[in-house]
Protein chains: 2
Amino acid sequence: MRKQKSGPKNLGEFEILVLAALVRLGADAYGVTIRREIEDRTGRAVSVGALYSTLARLEEKGYVGSRIGAATAERGGRAKRHYVIKAEGQAQLQRSATALGAMLKGVSPWPEILNRLATL
Amino acid sequence: MRKQKSGPKNLGEFEILVLAALVRLGADAYGVTIRREIEDRTGRAVSVGALYSTLARLEEKGYVGSRIGAATAERGGRAKRHYVIKAEGQAQLQRSATALGAMLKGVSPWPEILNRLATL
DNA sequence: ATATATTAACTACAATGTAGAACAAATTGA
DNA sequence: TCAATTTGTTCTACATTGTAGTTAATATAT
């Protein structure tokens, strides 16, 4: 019989996209920019609801942290909630990306991102 | 009011893993080998239920096809159901892998992220 | 025949994904 | 001032995916 460790939960595909966006955006990560980043890079539509509920779940799991920032002086410049990926989130992102890469390598045009992630 | 179905749906993470396994295994793809392929390559446990229900859903969506093969002369050699990825499935797999790759590509400033974690 | 190994299907529920409306806060301009 | 406008977040409701565990089928071994 085959037996393996049943470690932490796996990330869903959209969760991976969101965590990756957080890494890319750094300090500029908040609702609107995260959404735009994913839409621009993947060409896939992202509804606000999908984004915020996913962020909330990632935060519950301790993968990301957030805090309300100061309001800016722009029109409609309501205070933003800034998100940041935490160590646990990084570890999970790396695990999921590595697993995906192991399966996709040689199957689909998979940049050598995975190799980079694995060495972080 | 019932929700309207839109264009091609996005693949979930596990669905991606399964489709990729089908590509890797080719003609040898059936329940047991698919499961083993994913477990061996990703190090992640895969329950039989998870696998078969995912295969059934992928088949419903027209992403994979299957047919019962001839029984072999091995012990417990019950006839296997062989799975094959279809053109539509390959296209979807390609799309999902590309989207993921676009987000993961160049994800590098990890040190900076770690620094900002302290301020949260 | 009956025990057991191997493979497949089914059941029930948990976790994730998604859309869109509602709500909130700030700016602009008559 | 205050209604319209812009930017941004939260809430509601449900669909889709992910998973474990159970049950069934079919072969071999004894």
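Below, read A as the first sequence line, B as the second, and so on, with proteins coming before strands; counting in each chain starts at 1.
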Undergrad: Tell me which nucleotide among C:dT16, C:dT7, C:dA24 gets nearest to the side chain of B:Lys80.
TA: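 Selected nucleotide: C:dT7.
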Undergrad: For B:Leu17 and D:dG18, what is the distance between atoms CG and P respectively, to the nearest whole Å?
TA: 9 Å
Undergrad: Would you kindly compare A:Glu15 and B:Ser53 by the position of their nearest DNA chain C nucleotide and give the one closer to the 5′ end?
TA: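 Counting from the 5' end, the first nearest nucleotide belongs to B:Ser53.
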Undergrad: What nucleotide, of D:dT19, D:dT9, C:dT18, holds the atom closest to the side chain of A:Ala50?
TA: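 So the nucleotide nearest the side chain must be C:dT18.
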Undergrad: Backbone N or O of A:Met103 within a donor-acceptor pair of the B:Arg24 side chain at under 3.5 Å?
TA: yes
Undergrad: Working note: A:Thr33 + A:Arg36, criterion side-chain contact (heavy atoms from CB on, under 4.5 Å); need CA distance, chi angles, decisive distance, verdict.
TA: CA-CA 5 Å; A:Thr33 55; A:Arg36 188 164 47 220; 3.7 Å; yes
Undergrad: Using a cut-off of strictly less than 4.0 Å, decide whether B:Asn10 has a side-chain nitrogen or oxygen near OP1 or OP2 of C:dT18.
TA: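 So the side-chain polar atoms of B:Asn10 do come within 4.0 Å of the phosphate oxygens OP1 or OP2 of C:dT18, strictly under.
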Undergrad: Which residue, A:Val48 or B:Gly49, contacts DNA chain D at a nucleotide closer to its 5' end, judged by nearest heavy atom?
TA: A:Val48
Undergrad: What's the closest nucleotide to the B:Tyr52 side chain, out of C:dT18, C:dT7, D:dG18?
TA: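 So the nucleotide nearest the side chain must be C:dT7.
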Undergrad: Mapping A:Ile16 and A:Thr72 to their closest nucleotides on DNA chain C, which lands nearer the 5' end?
TA: A:Ile16
Undergrad: May I have the distance from B:Leu55 (atom CG) to C:dA8 (atom P), rounded to whole angstrom?
TA: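 From B:Leu55 CG to C:dA8 P: 10 Å.
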Undergrad: Can you find a heavy atom in the side chain of B:Val48 that is under 4.5 Å from one in the side chain of B:Arg35?
TA: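 Sidechains of B:Arg35 and B:Val48: in contact.
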Undergrad: Among residues 30-38 of chain A, which ones have heavy-atom contacts with DNA chain C below 4.0 Å?
TA: none
Undergrad: What distance separates B:Thr42 OG1 from A:Asn10 CG, expressed to the nearest 0.5 Å?
TA: 8.0 Å
Undergrad: Any idea which of C:dG17, D:dG18, C:dA25 is nearest the A:Arg78 side chain?
TA: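 Of the candidates, C:dA25 comes closest.
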Undergrad: Out of C:dT18, D:dT19, C:dG17, which has the shortest distance to the side chain of B:Ser47?
TA: D:dT19
Undergrad: What distance do B:Lys61 atom NZ and B:Arg57 atom CZ have between them, rounded to the nearest 0.5 Å?
TA: 8.5 Å
Undergrad: Can you confirm whether A:Arg41 sits close enough to A:Leu17 that some side-chain heavy atom of one is under 4.5 Å from a side-chain heavy atom of the other?
TA: no
Undergrad: Indicate yes or no: does B:Arg67 engage B:Glu59 in a salt bridge with an N to O separation below 4.0 Å.
TA: no
Undergrad: Using whole Å, report how far CG of B:Leu19 lies from P of D:dT17.
TA: 12 Å
Undergrad: Rounded off to whole Å, could you give me the CZ-to-P distance for the A:Arg81 and C:dA26 pair?
TA: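 It works out to 15 Å between those atoms.
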Undergrad: When you check the phosphate oxygens OP1 and OP2 of C:dT18, does a side-chain N or O of A:Arg44 lie under 4.0 Å from one of them?
TA: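 For C:dT18, OP1 or OP2 has a side-chain N or O of A:Arg44 closer than 4.0 Å.
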Undergrad: Can you tell if the side chain of A:Leu104 reaches within under 4.5 Å of the side chain of B:Leu93, non-hydrogen atoms only?
TA: yes
Undergrad: Rounded to whole angstroms, how far apart are CG on B:Leu100 and P on C:dG17?
TA: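 Checked: the CG to P distance equals 11 Å.
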Undergrad: From CZ of B:Phe14 over to P of C:dG17, roughly how many Å is that when rounded to an integer?
TA: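 The answer, rounded to whole Å, is 15 Å.
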Undergrad: Expressed as a whole number of angstroms, how long is the span from A:Ile68:CD1 to C:dA26:C1'?
TA: 14 Å
Undergrad: Report the distance from atom CZ of A:Arg57 to atom P of C:dG17, rounded to the nearest whole Å.
TA: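 Going from CZ in A:Arg57 over to P in C:dG17 covers 8 Å.
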